[in-house]
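Just so you know, these numbers use all the heavy atoms, side chains as well, and skip hydrogens, waters and symmetry mates.
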Amino acid sequence: MAKSRQLGSEDIKEVAAAAVAGRIAVLLVEAGRQEPGRIQPDGSVRPGDLADPGTDDLLDDLAELTLRGKGDVVVVPAGRMPGSTGVAASYRF
């Protein structure tokens, strides 16, 4: 429902921009999943390889940004995760 009202997303790029802006109220993260890359200060996402020391796990970074922005993070088992990207967010505004 949040997605249809433009108040949520499963797209990692959209969620990253919202996290940098402090707009995430609730972030769902798939348990055990890693997505290599780096979130840039402007909220854009740079894909990467976890073997590269300069690359982080995007899902972990999204969780950290959400917590810093006073949002909630919920780790969800893979079989119960909505969508296929490993992340879903509900926005504050």
Working for side-chain contact (heavy atoms from CB on, under 4.5 Å), residues Leu62 and Val29: CA-CA 9 Å; Leu62 288 171; Val29 178; 5.8 Å; no
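- Annotation: the span from Ile39 atom CD1 to Glu64 atom CD amounts to 9.0 Å, rounded to 0.5 Å.
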Can you list the steps and then say if Lys70 with Arg92 is a side-chain contact (heavy atoms from CB on, under 4.5 Å)? CA-CA 11 Å; Lys70 307 293 187 221; Arg92 287 191 178 101; 3.8 Å; yes
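- In terms of heavy-atom proximity, Pro36 sits nearest to Gly48 at CB-O, 3.2 Å.
- Remark: Asp61 CG to Arg38 CZ distance equals 7.0 Å, nearest 0.5 Å.
- If you take CG on Leu50 and CG on Leu58, they are separated by 8.5 Å, rounding to the nearest 0.5 Å.
- Ser44 and Asp42 share a donor-acceptor pair across their side chains, judged by distance under 3.5 Å alone.
- Closest heavy-atom contact between Ala31 and Pro77: CB-CA, 4.3 Å.
- Across all non-hydrogen atoms, the minimal contact from Met81 to Leu28 is CE-O, 3.4 Å.
- Arg33 and Gly86 get closest at one heavy-atom pair: NH1-N, 3.4 Å.
- Separating the CG atom in Leu65 from the CZ atom in Arg23 is a distance of 14.0 Å, to the nearest 0.5 Å.
- Listed here is the closest heavy atom pair of Val20 and Gly43: CG2-CA, 3.6 Å.
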Does the side-chain contact (heavy atoms from CB on, under 4.5 Å) test come out yes or no for Leu27 and Val87, once each step is laid out? CA-CA 7 Å; Leu27 180 72; Val87 69; 3.4 Å; yes
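- The cluster map of Ile, Leu, Val, Met, Phe, Trp and Tyr, joined by side-chain heavy atoms under 4.5 Å apart, puts Val75 and Leu59 in different clusters.
- Proximity of Val15 to Ser9: side-chain heavy atoms (C-beta onward) are separated by under 4.5 Å at one or more points.
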Going through the checks in order, is the side-chain contact (heavy atoms from CB on, under 4.5 Å) test met by Asp72 and Thr66? CA-CA 7 Å; Asp72 295 320; Thr66 298; over 6 Å; no
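- A pairwise comparison of heavy atoms in Gly8 and Tyr91 identifies N-CD1, 3.5 Å as the closest pair.
- Between the Thr85 side chain and the Asp11 main chain, no donor and acceptor come within less than 3.5 Å of each other.
- Rounding to the nearest 0.5 Å gives a distance of 6.0 Å between OG1 of Thr55 and CZ of Arg46.
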